[in-house]
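Take a look at the structure below.
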Amino acid sequence: MSFKFIHLTDTHLACPGQTLYGLDPRARLDAAVADINRHHADAAFAVVTGDLTHWGEAAAYANFRDAVAALKIPYIAMVGNHDRRRTCLDMLEAAPRDGNGFVQGTRQTPHGLFVFLDTLDETSHAGEMCPKRLGWLEETLAAAPADRPFLLFMHHPPFAVGIAAMDDIALKQSAEFAELIAPYRPRIRHLFFGHVHRPISGSYGNIPFSTLRGTNHQVAFELDPKGEHLASHEPPAYGVVLVERETLVVHTHDYLDTSLRFPFKVPEGMDERNYALSRAAP
Ligand SMILES: [Fe+2]
């Protein structure tokens, strides 16, 4: 059986009752939690890769905490550029913490060490990994047994994804980060991040990566650097990750989608072609 976990990101909770860009972030997180409970209560845990709140108030973290308290599985809460580190640590026991006060930590699993990184710079929307955080990462990777793989989680991508407005606020120390992880690349099975509010996958120096839409608003698809940077109401999603020895599969689920479901199986006595054609019209 696969090792299953959930990837959630960019929940952007405000204070209870507040809407954000015309959407209710609490209601949309509640819906994600309910869907996960209904279909994936067998997952080991959920990882929320940052931007838990939009403005970082204690009341917004309480709102987040109340919503995810309904999860039937444990969760790990990470910080993004919209978060506030001290408030997050004070409000959420599920936020990991390293010896320097950063929201960093690890979790051992049957398929390797999950490593959670803090890329928050409270003075900027761009990502930061200062020498202390990079040092923690180096020690953590070096301390793991040489035959153990890693899965990395961070809010900011450590490379450009091709959407100029988001690339401007990616991880500032991309070169230092790449150099640090270079000796470990063959052992890094996957990199998960948030921040870009879009479904994107690919590879980065031979490391597979994926990210997905947030649970509230999204970033519109725009590859023209002169194009306008727009937000959108594209549907929210969460990821379901199935890990085995040789494979790691990421399913992205649009959990609010209510489009038609119907059987592929052709009803008894009906021609396959007629069935397919009859399904063309709603
Ligand atoms: Fe975000």
Side-chain angles (χ1 to χ4, degrees), residues 6-15 18-33 46-57 60-61 63-65 67-68 75-85 87-88 91-92 94-95 103 116-129 152-172 174 191-201 209-222 228-239 252 254-256:
I6 303 297
H7 183 194
L8 276 161
T9 198
D10 294 84
T11 51
H12 282 261
L13 284 203
C15 294
Q18 285 179 333
T19 57
L20 189 67
Y21 304 126
L23 302 167
D24 182 341
R26 172 65 193 266
R28 290 162 77 96
L29 179 55
D30 285 344
V33 166
V47 184
V48 194
T49 49
D51 281 1
L52 311 175
T53 68
H54 194 64
W55 288 297
E57 314 96 320
Y61 283 105
N63 200 19
F64 174 87
R65 189 181 58 199
V68 289
Y75 70 95
I76 294 116
M78 297 169 56
V79 283
N81 48 299
H82 281 269
D83 288 303
R84 287 295 168 265
R85 187 175 292 113
T87 316
C88 175
M91 298 295 293
L92 300 178
V103 186
F116 311 108
L117 300 174
D118 177 338
T119 56
L120 168 59
D121 171 0
E122 294 191 348
T123 68
S124 164
H125 281 303
E128 179 176 73
M129 284 207 79
L152 299 188
F153 298 79
M154 57 207 293
H155 181 72
H156 294 80
F159 55 88
V161 298
I163 298 173
M166 300 310 292
D167 293 341
D168 286 346
I169 53 170
L171 181 69
K172 283 175 283 188
S174 55
L191 168 66
F192 296 86
F193 56 86
H195 192 47
V196 289
H197 293 238
R198 291 214 56 77
I200 309 174
S201 59
F209 74 81
S210 61
T211 183
L212 69 162
R213 294 196 187 104
T215 56
N216 196 62
H217 56 287
Q218 317 304 341
V219 170
F221 185 47
E222 180 57 85
E228 193 177 358
H229 181 40
L230 298 172
S232 87
H233 281 191
E234 289 165 84
Y238 66 79
T252 301
D254 293 348
Y255 61 91
L256 291 187

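In listed order, ligands and their atoms are each counted from 1. Nothing fancy with the numbering, it's 1 onward along the sequence.
At a threshold of 4.0 Å, the pair D24-R28 does not count as salt-bridged, since none of the basic side-chain nitrogens sits closer than that to a carboxylate oxygen. Checked for salt-bridge contact, R84 and E57 miss the test: no charged N lies under 4.0 Å from a carboxylate O.
Aromatic pair H197/H12: centroids less than 6.0 angstrom apart. The aromatic ring centres of F209 and F192 sit 6.0 Å or more apart. Aromatic rings from H54 and Y21 are positioned such that their centres are separated by under 6.0 Å.
At a cut-off of 2.8 Å, measuring from the Fe ion (ligand 1), the protein N, O or S atoms that fall short of it are D10 OD2, H12 NE2, D51 OD2, H197 NE2, waters left aside.
Annotation: salt bridge (charged side-chain N to carboxylate O under 4.0 Å, His left out) contacts of D254 (sequence neighbours excluded): R213.
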